[in-house]
Participant: 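One structure, pasted below without further comment.
Heavy atoms only: backbone and side chains are in, while hydrogens, waters and symmetry mates are out. Note that the structure is a prediction, hence the values are computed from the model and not measured. Below, chain A is the first sequence line, B the second, and so on; all start at residue 1.
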Amino acid sequence: MTDEKRDYRDTLFLPKTDFPMRAGLPKKEPEWLAHWNKIGLFERLREQSKGREQYILHDGPPYANGHIHMGTALNKILKDIVNRSHQMLGYDAHYVPGWDCHGLPIEWKVEEEFRGKGRSKDDVPGSEFRSRCREYAAGWLDVQREEFKRLGVVGEWDNPYKTMNFQSEADICAELLKIAKTGQLYRGSKPIMWSPVEQTALAEAEVEYADRKATQIYVKFPVYDADKAFNILEWPEGEEKAANAIRNSSVLIWTTTPWTIPANRAVSFSDSISYSVYRVDELEESEFAPWACVGENFIAAEQLWESIAKAGLIKSWSRMARVSPRNLILSHPLKSMSDAEGKYDFPVPLLEGSHVTADAGTGFVHTAPSHGEDDYVVWISNQKKLEALGIDPIVPMTMDDAGCYTDIMPTRFQGLDVIRTSGKKRGQDGKANPEVLKALVECGNLLARGMLTLRDAHSWRSKAPVIRRATPQWFISMSKGGLRDKAVAQIEKTKFWPDRGRNRIGTMVADRPDWLISRQRNWGVPITLIVGPDGELHTERDDADAINARILAAVEKVGVDGWFETPLEDFMPDNNEGWSKVTDILDVWFDSGSTHAFCLKRRDDLKDRADLYLEGSDQHRGWFQSSLLESCAVYGEAPYDGVLTHGFVVDEKGLKMSKSLGNTMSPEDISKQYGAEIMRIWTASSDWANDLKIGREIIQTSADAYRKMRNTLRYMIGALDGYDESDAVDYADMPALEKWVLHRLAEITAEHEAAIRDHDHKKIFSTLFNLCTVDLSAFYFDIRKDALYCDPLNSTRRRACRTVINEVFQRLTTWLAPIMCFTMEEVWQARHPSEDKSVHMELFRDAPEAWLDKSLDAFMGRVRETRSQIYEAIEPLRKDGTIRSSLEARVDISVLGDDMHCVDYLDIDFKNEYSSPEDPKDTLADYIIVSECNMSVGDEEVNVTALSSLNNYTKCERSWKYFKGEGDITPRDAAAVKAFEAGA
RNA sequence: AGGCCGGUAGCUCAGCUGGUUAGAGCGCGCCCCUGAUAAGGGCGAGGUCGGAAGUUCAAGUCUUCUUCGGCCUACCA
């Protein structure tokens, strides 16, 4: 007898693999990218799925300016997960990325560049300027392309669509011409920021705010018609007096731009302000004669009246009535001007406007729709009221390019300038303000005047003040061709994720004004229209088709310069007297709104209509809408079947990322530190329907999840070492535990496809993560380690286990491939090494119906409950050192009589568990990972005995289980060793 | 300022048409194993559902208000 114990380690079948535990993603990801590039994965996928039904996620083009950020990374990763998922579901998911290339930001950068070289914009020929813009956009496009590819996004990167391709530019022009032909396009006007000094339109980004001395005035607008249902709310001096006072009163306004008074068309008020009529009783003594008279009545906001009275030198007054001004009709304050030429005979209505406040002024806002954004909006949105009052709702063009009154104004004002545009006093007040003041005094409608310093817009370049002035602009009508109705109907038919998107875009489209599509800019697609002497469009002419063909041919050939640089005669050789080319360019939203036309519809290998548009929630007003409107205007239907909107990336507290808060994270940093895979996991496990939080801790959680899954997969690779399909065991011959795992696979298979169609990636990820951790690692693998390591190599149980692990492996890797595209390839290649194949060329596998076994699942649920109860009982013994490994324990459990079904079930399972070479009741012990488990009926009770303390038990030197019997190892292990030695 | 939306354990998420002591995983704490080992396993402690009021026999789940956050629009005549 010797104390030396035999070491059975070499007779075990331990998992074996070279697969590294540590991923080294930042280094390895680029290697996989290079591999896919080398084998031409994208092309192979297209080749492989030729003829399959297409799934088209049409890319919303990012703007080709600057590096990508978390938002753009999130967006592209989401798209990639959707595309890969549908590809593996059996579609041909052909993804063509795109870029938005035209627009002001690039124009601005390029202008800055030229300025740096001492050349002003005016010195640079248009074609040279545009050519540089083109280069600039192309440069950033290349940068972003590499950044997107780094994230693992698969797509046609060698042939993306670009709004600045010549063909795209021509197609965009063609789309506009189609709209023009249907009569949905019209020329109107709108106030824009304008610098009279430079005679050019300015964008918000081109103005700076600086102090300016301005003339402020209070002006009287006499009540013209108060009989129509004016609304007296209070009458402190009696009802009749109140009514009289109103009839003989003036509404007061306050303005710092007197020159806009001749362009006045309305007065705005607010329903949330209280207005009263005041009678002047006494005036201040002053060296200047006041412009108010005793007995005059004024209407103004109550809370501002005292300040008005002070400005108007009114010493005392009586409040005659509180009034709602809604239905008052006023006269223009210049109507009584001797040389008015009847040009102010129109009624001046009161319009409710949300921009009106009682912070300063009078509580009324003088409204000149041609000279203010608010004024314009109020005017346009009250179109119906104006028409009911017999007022022409057109916005008059009251000022020309030089900032001088046009000839629609009375003669005395014509040609007067607001701002001096040349000479020493350039930028200072011109002749308009003094002349307007003079005219107001003549009419007796000036109450007070003074000076004021205010912050106001100035041109970035000339530093001269900027005005707002109505200019001719092009619009697509929401109503003329029924565009609004069509769009609303299409929204109803579209599938939205989340569903609330429908409501959001729906109300926007229902309420939005006509689409202003013209810009007075350089870097963009031209509005290729030729306008006749009477404002008619060339598209109405008989030779329109021929003209269009020439225009489009020119743009196709050399891009937008084909329009700008070609003389009119080349397009319109005949009858061109008085015709001129439009020089405006298109709103860039029209460009991107046309991507479905020049990408999807233009290409033969893509279907015309997208299955999905997927962008951030800001695109309800942007691309989702511009695409919808453009497509409805031309084709009468939406360009998409579905729209998915995701939230914005915010920091861990839910605050938006900003440089000033210092809470930004860049995709590049995450790729370098953790790997793009971690970003992809973060994307998949977040809820895109709301804002997505990101921060160090959150990324770390994704990294931890990655490690766990990688190890689970690694264990499977090791366990499957040397496995061959010929070892597979038939379903019918499998132990219950194996059947249960297959049940789980079948269950998940069904859930998985539904989740993909619902784009519910977080559900997929959490399901698979839980499968790895809970079902596999902590339960199935933990239990089956014994069989895998210790059973005879050819035992049915061991072979069944490996059969099942192989099934799990195949499915888990493919299910995870759309999310963890790098690691699943690595894992896949570890089992299926191939020079030219990829896990991404696989399809998701079906699961046989027969695998679904609900009652088995319920049974296994009961087993796990029991297991949990037993562990709870073992735990104290472990803590006090009585038991170390659970294999040292014998468990005796008794269950209540009404829980007998469980016992029955176990009993049935015992009898079916033929594959165990031992007594079948040990199956339960296997499940619990104890050496012995006895079950009986009685009071609910769990007893744990330490077998090491009983001397009739021996610890098996091979399996570490305690058993009763002869020898140093169990009979099962003895059989295994025998078989091993025979084989070896 | 207006429109739309969101706020469940430290973190990421489940909680369907209102109905038993609000769930999961991660993380954390303690313990075990050393034949998945810069791995693996077990047990445990953490929320009253942003706040308030209301409807109801009953609310995380409905209504109103409020607070915080996000997107979009508007921003001084």
Participant: Could you tell me how far apart Phe648(A) (CZ) and G69(B) (C1') are, to the nearest whole angstrom?
Facilitator: 14 Å
Participant: Does a side-chain N-to-carboxylate-O contact under 4.0 Å join Lys785(A) and Asp782(A)?
Facilitator: yes
Participant: Which base sits across from C49(B) as a Watson-Crick or G-U pair, both distances under 3.5 Å?
Facilitator: none
Participant: Between C1' on C33(B) and CZ on Phe781(A), what's the gap in Å once rounded to a whole number?
Facilitator: 19 Å
Participant: Going by an N to O cut-off under 4.0 Å, is there a salt bridge joining Arg696(A) and Glu652(A)?
Facilitator: no
Participant: Arg958(A) and Tyr789(A): which non-hydrogen atoms are nearest, and at how many Å?
Facilitator: NH2-O, 4.0 Å
Participant: Expressed as a whole number of angstroms, how long is the span from Ile694(A):CD1 to G70(B):P?
Facilitator: 17 Å
Participant: Which parts of nucleotides 4-12 of chain B does protein reach within less than 4.0 Å, heavy atoms only, written one letter per nucleotide 5' to 3' as B for base, S for sugar-phosphate only and - for none?
Facilitator: SSS---SSS
Participant: G35(B) C1' sits how many Å from Tyr8(A) OH, rounded?
Facilitator: 16 Å
Participant: Would you compute the distance between atom CG of Leu816(A) and atom CG of Leu713(A) and round it to the nearest 0.5 angstrom?
Facilitator: 7.0 Å
Participant: Tell me the interatomic distance from Asp758(A), atom CG, to C16(B), atom P, rounded to whole angstroms.
Facilitator: 16 Å
Participant: Which ones in residues 714-723 of chain A lie close to RNA chain B, meaning a heavy atom under 4.0 Å from one of its atoms?
Facilitator: Arg714(A), Tyr715(A)
Participant: How close or far is atom P of C71(B) from atom CH2 of Trp623(A), stated in whole angstroms?
Facilitator: 21 Å
Participant: Please give, in whole Å, the distance from C33(B) P to Ile883(A) CD1?
Facilitator: 11 Å
Participant: Between A24(B) atom P and Leu771(A) atom CG, what is the distance in whole Å?
Facilitator: 18 Å
Participant: Rounding to an integer number of angstrom, what distance separates A24(B) and G19(B) when you compare their C1' atoms?
Facilitator: 22 Å
Participant: If you find the nucleotide of RNA chain B closest to Leu14(A) and the one closest to Lys762(A), which residue's nucleotide is nearer the 5' end?
Facilitator: Lys762(A)
Participant: Would you say Tyr789(A) places a side-chain N or O within less than 4.0 Å of OP1 or OP2 belonging to A36(B)?
Facilitator: yes
Participant: Going by heavy atoms in the side chains, are Trp515(A) and Asp587(A) under 4.5 Å from each other?
Facilitator: yes
Participant: Check the phosphate of C31(B) against Arg878(A), side-chain N and O only, distance under 4.0 Å to OP1 or OP2. Yes or no?
Facilitator: no
Participant: May I ask you to say whether Asp760(A) pairs ionically with Lys762(A), meaning some side-chain N is under 4.0 Å from a carboxylate O?
Facilitator: yes
Participant: Does a side-chain N or O from Lys763(A) land closer than 4.0 Å to OP1 or OP2 of G15(B), or not?
Facilitator: no
Participant: Relative to the 5' end of RNA chain B, which residue comes earlier, Lys653(A) or Arg9(A), by the nucleotide with the nearest heavy atom?
Facilitator: Arg9(A)
Participant: Other residues, nucleotides and ligands only: do more than 12 of their heavy atoms fall within 6.0 Å of CZ on Arg884(A)?
Facilitator: no
Participant: Are Asp791(A) and Arg798(A) within salt-bridge range, i.e. N to O under 4.0 Å?
Facilitator: no
Participant: Is the glycosidic angle of G40(B) within 90° of 0, making it syn, or outside that range, making it anti?
Facilitator: anti
